[in-house]
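Residue indices begin at 1 and follow the sequence shown. FYI, side chains are in, hydrogens and waters are out, and symmetry mates aren't considered; it's all heavy atoms of this structure.
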Amino acid sequence: MAAETYAGTSFDENGAYYGPDCDKDKNYSGAYYTGNYESPFKKVLGKTDAEIQEKMDALWNHYFKGDDNSKVYYDRGSEAYIKDINNNDVRSEGMSYGMMIAVQTGHKEEFDKLWNWAKNHMWHKSGGWDGYFVWQRNDSGTGGDDNCAPDGEMYFMMSLLFAANRWNDSKYMEDAQYILKKMWDNGQHSLFNPQEQYTQGEAGANAVAAMALINDSKYDAAVKKNLELAWDTKFMTGQYRYYDVLVHYLAMLHLSGTFKIWKPKPTVESEEKTINETEINGVTYNDGDKVDYFEDCKLYKATIAKKSAPDPDSTVTNPDSTVTNSDSTIAIRTTVALNNNVRVWSTNSAIVIENAPAGTKYTVTDLNGRVLTASKTATSTQEVRLAKTGPMLVIVGNKAYKVVK
């Protein structure tokens, strides 16, 4: 079961929820179920949280608050639009991308102004295109082409769904459901039937795609190169800033861990918990830290407390390993000293341990510490085949590695 346990921050500063979700029937391991939005900029490039936030703030200030040679967002009082500078018009793709950026970065005023413009000048509310959006208008809100471009409909709908949950506003949900229903039911227009140089948008999109290869050592160099290209991309100015700008910005939201799936707020249990661990799911906490704790499909407020020293009578020692606590399901902590080149990653069918000497003990557990399998490596590249999927801990030598299979 995904997200059996989770500790961290699940709410934004205004109480909107993006944490884990209960999955009783399947072993899903995506961010919707786990609440894990880890940034590959942090994991692979070693960027700090402060550096990532600075980069994301710079993107917003350049493209939404910059001068007339930088911005794509144009404020017109109660309305605003995203402009295709080179073509001197307004398009549904740009408007919907702009709304997604605004809801993900928490800018409600800008979101509302963009939606006002789209509703007033682009949204069909009758006829054969009922529920769809004009793909092109002049910046006055007139003219253009009344046909639709489907990426606009999808991003309008999803940004409104996220806004409904993030800002607790049922009107956004009503508008999103209207779009979805018309997209689904409209029989005339149903939507549900290596190079060396990249544009700015391609650099961002390639880096997002590279996230799928992060745990495969064969692609380390390619992953790092694509992430660096996305990180180092210069912000655009001039008449061609528009589409590449928005695609790159959306990619950066994913790559920075900023893009969240905003959900209906769950009920927090009245019981408060004390967690006697300072490391949970690979994240280290300080004594006294306050966290949101998800366990057995229930959400709690919890406080981290250092675990007291184990009772000497409950510790069994042998030359190879130590088992603390009399419960034999607790993960074994081997004492073999390993080099720093050991890598642990997963495929669809197995967990792979690389660069550990043959004969090294390993243990695979779920996130509650229950042992799934334990043995010794036969070669320096050991495949551990498991039917179970989802997040797991792999203890090799004196280190624990978190993987998602």
Side-chain angles (χ1 to χ4, degrees), residues 1-2 4-7 27 29 34 36 38 40 42-46 211-224 276-285 306-307 309-405:
M1 183 189 302
E4 287 182 345
T5 59
Y6 164 88
N27 291 312
S29 57
T34 65
N36 180 13
E38 185 176 29
K42 187 174 183 178
K43 180 176 181 178
V44 178
L45 299 187
M211 292 171 69
L213 304 174
I214 284 177
N215 290 322
D216 190 333
S217 60
K218 297 191 298 293
Y219 297 99
D220 281 354
V223 168
K224 186 174 182 180
N276 294 316
E277 300 284 348
T278 54
E279 183 172 323
I280 304 172
N281 298 354
V283 179
T284 300
Y285 296 94
K306 288 184 178 178
K307 181 184 289 187
D311 183 346
D313 293 335
S314 68
T315 302
V316 180
T317 304
N318 64 46
D320 297 314
S321 64
T322 301
V323 180
T324 60
N325 194 312
S326 58
D327 183 352
S328 62
T329 65
I330 299 300
I332 296 171
R333 294 180 296 149
T334 61
T335 58
V336 177
L338 299 175
N339 62 54
N340 292 326
N341 296 322
V342 172
R343 291 180 51 83
V344 178
W345 50 281
S346 64
T347 67
N348 288 335
S349 59
I351 292 171
V352 182
I353 303 170
E354 287 188 330
N355 301 328
T360 300
K361 288 189 174 183
Y362 65 84
T363 303
V364 182
T365 79
D366 65 16
L367 297 186
N368 287 322
R370 291 188 289 269
V371 176
L372 304 175
T373 186
S375 188
K376 294 181 180 180
T377 57
T379 66
S380 61
T381 301
Q382 176 72 42
E383 286 195 1
V384 183
R385 296 196 172 272
L386 290 171
K388 180 178 174 61
T389 59
M392 297 175 230
L393 290 179
V394 183
I395 298 92
V396 184
N398 58 0
K399 292 186 177 180
Y401 304 81
K402 182 182 177 184
V403 297
V404 177
K405 175 174 172 290

Original post:
Hey, mind stepping through Glu354 and Ser217 against side chain to side chain contact (heavy atoms under 4.5 Å, CB included) and telling me if it holds?
Top reply: CA-CA 9 Å; Glu354 287 188 330; Ser217 60; 3.0 Å; yes

**OP:** Would you check, one step at a time, whether the test side chain to side chain contact (heavy atoms under 4.5 Å, CB included) holds for Lys43 with Ile214?
**Re:** CA-CA 9 Å; Lys43 180 176 181 178; Ile214 284 177; 3.9 Å; yes

Subject >> Chi angles and distances behind the side chain to side chain contact (heavy atoms under 4.5 Å, CB included) call for Val342, Tyr401 >> reply: CA-CA 10 Å; Val342 172; Tyr401 304 81; 3.6 Å; yes

Original post:
Run the side chain to side chain contact (heavy atoms under 4.5 Å, CB included) check on Thr381 and Ile353 step by step: do they pass?
Top reply: CA-CA 6 Å; Thr381 301; Ile353 303 170; over 6 Å; no

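In this structure, the side chain of Thr377 engages the main chain of Gly359 through a donor-acceptor pair within 3.5 Å.
Here the straight-line distance linking atom CZ of Arg385 with atom CD1 of Ile351 works out to 11.5 Å at 0.5 Å rounding.
When every heavy atom of Ala358 is checked against every heavy atom of Ala378, the shortest pair comes out as CB-O, 3.5 Å.
Between Tyr362 and Lys376, every side-chain heavy-atom pair lies at or beyond the 4.5 Å cut-off. In this structure, the side chains of Val352 and Gln382 stay at 4.5 Å or more apart for every pair of heavy atoms.
For the side chain to side chain contact (heavy atoms under 4.5 Å, CB included) with Thr365, the qualifying choice from Val394, Leu393, Thr373 is Leu393, the only one to do so.
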